[in-house]
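Notes follow once the structure below has been shown.
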Amino acid sequence: RAFADAGPAVPSIREGEVAHGSAVIALLYDAGQGVHVVLTRRSSGLRAHGGEVSFPGGRREPGEDLVNTALRESDEEIGLDPGSVEVVGELDHLSTVTSGSFIVPYVGILAGEPMLRPNPTEVDAILKVPLQELLEPENYREERWPIYQLDHPIYFFELVGDTVWGATAAMLRQLLGFATGTVARGELHHR
């Protein structure tokens with residue numbers, strides 16, 4: 001309902017400027033102990049964003065639509081059966097300074113706790129994080145960083161043993177904001 005009320009996703013300001021797109025998916029499930037979201041800790045051996053916490057996903061293959069990119073990459077990274085996901089919405093798109101890409105974040109619902117296995121060449125760990133933990137005020141902070149002469153908000157979520165920051169934290173912030181009615185379309189604040 002939150003996605004229907006929100007209207008269409010806001011595209012990234014760089015979508016027309018960059019050659020490739022990427023897609024990720026925020027997988028949500030309730031196994032009887034509250035709603036959880038699936039995150040990954042990227043392999044420390046990866047050349048880009050190694051060791052960082054992110055949603056499963058990656059770069060689009062030629063001719064592939066972006067929702068299928070997110071599902072294919074999730075299968076490759078964590079063994080997610082694409083047929084087990086009901087894609088229910090799309091967060092605002094964003095671009096990152098370092099990758100020269102834009103990212104389309106989808107939100108998917110799973111019927112219960114998924115049985116996942118990390119692909120060790122891409123993922124060091126799979127994190128199943130309660131949304132309640134992310135909503136605790138002491139686990140969230142915002143900093144202002146000067147990037148290209150702009151005062152840019154950078155978001156952080158502190159988890160036990162991990163920090164979620166940057167693009168992933170911006171997407172999580174909007175996801176939680178949609179769920180609580182506190183963040184609307186166009187309020188991703190991530191250039």
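- Residues Asn139 and Glu133 bring no donor and acceptor atom of their side chains to less than 3.5 Å of each other.
- For the side chain to side chain donor-acceptor pair (under 3.5 Å) criterion with Thr69, the lone passing option out of Arg59, Glu61, Glu64 is Glu64.
- For Gln33, the CD atom counts as loosely surrounded, since its 6.0 Å shell holds 12 or fewer non-hydrogen atoms of other residues, nucleotides or ligands.
- None of Val107, Asp75, Leu71, Ile109 except one satisfies the side-chain contact (heavy atoms from CB on, under 4.5 Å) rule with Val85; the exception is Leu71.
- A donor-acceptor pair is defined here as one N or O able to donate and one able to accept, closer than 3.5 Å; such a pair exists between the side chain of Glu77 and the backbone of Gly57.
- Ser84 places a side-chain N or O within donor-acceptor distance of the main-chain N or O of Asp81, the cut-off being under 3.5 Å.
- At least one side-chain heavy atom of Pro56 sits under 4.5 Å from a side-chain heavy atom of Leu27.
- Checking side-chain atoms of Arg60 against main-chain N and O of Ala23 turns up no donor-acceptor pair under 3.5 Å.
- What you find for Arg42 and Asp124 is that their closest heavy atoms are O-OD2, 3.6 Å.
- The shortest non-hydrogen separation linking Pro114 to Val38 is CG-CG2, 4.4 Å.
- Judged as a ring-ring contact (aromatic ring centres under 6.0 Å, His included), the pairs with a partner in residues 115-142 (not counting sequence neighbours) are, in order, Tyr140-Phe157.
- Residues passing the side chain to side chain donor-acceptor pair (under 3.5 Å) test with Arg117, sequence neighbours excluded: none.
- By the 30° and 60° cut-offs, the orientation of the rings of Phe178 relative to Phe3 is perpendicular.
- Sequence neighbours left out, not one pair with a member in residues 55-87 passes ring-ring contact (aromatic ring centres under 6.0 Å, His included).
- Note on Glu52 versus Arg41: no salt bridge recorded, every NZ/NE/NH1/NH2 to OD/OE distance being 4.0 Å or above.
- With rounding to the nearest 0.5 Å, the separation of OG1 in Thr163 from CD in Glu158 is 3.5 Å.
- Counting heavy-atom neighbours within 6.0 Å of Arg144 CZ, excluding the residue itself, gives a total above 12.
- Counting all heavy atoms, side chain and backbone alike, Met171 lies closest to Pro105 at SD-CB, 3.4 Å.
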